[in-house]
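First up is the structure itself, then whatever we jot down about it.
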Amino acid sequence: MLSEVLGKAGFWLIGLCSLFVAAMQFPEAMKALDGLTAPHVATSPSEQREHGEQAPERPAGSVVELKAGRNGHFFVEADVNGRSIDVMVDTGASMVALTYEDAERAGIYVRDGDFKGSASTANGRARYAPVVIDRISIGDVSVRNVHGAVMERGKLSTTLLGMSFLGKLDRAEMRNGRLILEN
C-alpha cells in the first residue's frame with residue numbers, strides 16, 4: 001500500500017516538474033522562434049491558389065470533444081497542412097513538436113542548418129528546427145500560423161500538439177476524461 005502511494009506521488013511529482021520546466025522554457029522558446037524564417041511549406045495558401053485549391057476556412061464557434069484513451073492521453077488524427085497526421089494532444093508541451101517524418105508528410109522540409117534549438121525530451125537532448133505551420137485542424141477546429149518545431153529524425157516517436165496550438169483556441173478545457181476544443 002505504501003509503495004503504491006509513493007509510486008503515485010512520484011508520478012505526480014514528475015508530471016508537475018515537467019509542467020514547471022515547460023512553463024519556464026516557453027518564453028525562451030518563443031524568443032528563439034522570433035526572427036527566424038520558416039522552411040518552405042509545399043501547401044501554402046499561395047501555392048494552393050496557383051493550383052486552383054483553397055484551404056477551407058472554418059467557422060468561428062466550432063467545437064470538438066476528445067475522449068481520453070485508457071492511458072489518460074488524448075490521441076487524435078489532425079489535419080496538418082492538408083495531410084492527416086496522428087498526434088497526441090499535450091497540454092504540457094509548450095509548442096507543437098513534429099516528428100521529422102510527420103513534418104515531411106505535411107510538406108515541411110528542413111535542412112541540417114535549420115536545427116537551431118535544443119530541447120529536453122524523453123529520449124534525452126534533441127535539436128529542433130523552428131517552423132511556422134500554415135494550418136492545423138482537428139475536425140472543425142482550425143488554427144493558422146502555428147509556431148512549432150521539427151525534431152531531429154528519430155528523437156520523437158509521436159507528434160505532440162502543444163500550447164502553441166491550444167493557446168490560439170477560444171477554449172481548451174479538460175473535464176471528466178474529455179478535452180473540449182473550441183474556436
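Fair warning: this is a prediction, and the values are worked out from it, not measured in the lab. Starting from 1, each residue takes its place in the sequence as its number.
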Study note, to complete from the structure: For residues 90-100, the salt bridge (Lys or Arg N to Asp or Glu O under 4.0 Å) pairs (sequence neighbours left out) are none
Review point. Would Ile136 and Tyr100 show up in the same hydrophobic cluster when neighbours are defined by side-chain heavy atoms closer than 4.5 Å?
Key: yes
Check your understanding: Between Ser62 (side chain) and Asp140 (backbone), is there a donor-acceptor pair under 3.5 Å?
Key -> yes
Study note, to complete from the structure: salt bridge (Lys or Arg N to Asp or Glu O under 4.0 Å) pairs touching residues 153-169, sequence neighbours excluded, are Glu101-Arg153
Revision key, fill the gap. Across all chains, not counting sequence neighbours, the salt bridge (Lys or Arg N to Asp or Glu O under 4.0 Å) partners of Arg178 are Glu65
Check your understanding: Under a single-linkage definition using a 4.5 Å side-chain heavy-atom cutoff for Ile, Leu, Val, Met, Phe, Trp and Tyr, are Tyr128 and Met88 assigned to the same hydrophobic cluster?
Key -> yes
**Study point:** Residues which pass side chain to side chain contact (heavy atoms under 4.5 Å, CB included) with Val64, listed by chain and number, not counting sequence neighbours
**Key:** Leu66, Ile138, Val141
Study note, to complete from the structure: Exactly one of Val96, Leu156, Val110, Thr99 clears side-chain contact (heavy atoms from CB on, under 4.5 Å) with Val150, and that residue is Val110
Exercise for review: Identify whether Met163 and Met174 are in the same connected component of the hydrophobic contact network (ILVMFWY, side-chain heavy atoms under 4.5 Å).
Suggested key: yes
Point to revise | Passing option when Ile108 is tested against Val132, Leu98, Asp134, Asp102 for side-chain contact (heavy atoms from CB on, under 4.5 Å) | key: Leu98
Review point. How far apart are the closest heavy atoms of Val131 and Ala149, and which atoms are they?
Key: CG2-N, 4.0 Å
Review point. side-chain hydrogen bond (donor to acceptor under 3.5 Å, both in side chains) with Arg70: which residues, sequence neighbours excluded?
Key: none
Point to revise | Arg171 CZ to Leu166 CG distance, which is reported to the nearest 0.5 Å | key: 13.0 Å
Review point. How would you list, by chain and number, every residue that makes a side-chain hydrogen bond (donor to acceptor under 3.5 Å, both in side chains) with Ser118, sequence neighbours excluded?
Key: Arg125
Check your understanding: Does Asn71 have any side chain to side chain contact (heavy atoms under 4.5 Å, CB included) partners at least two apart in sequence or in another chain, and if so, which?
Key -> His73, Phe75
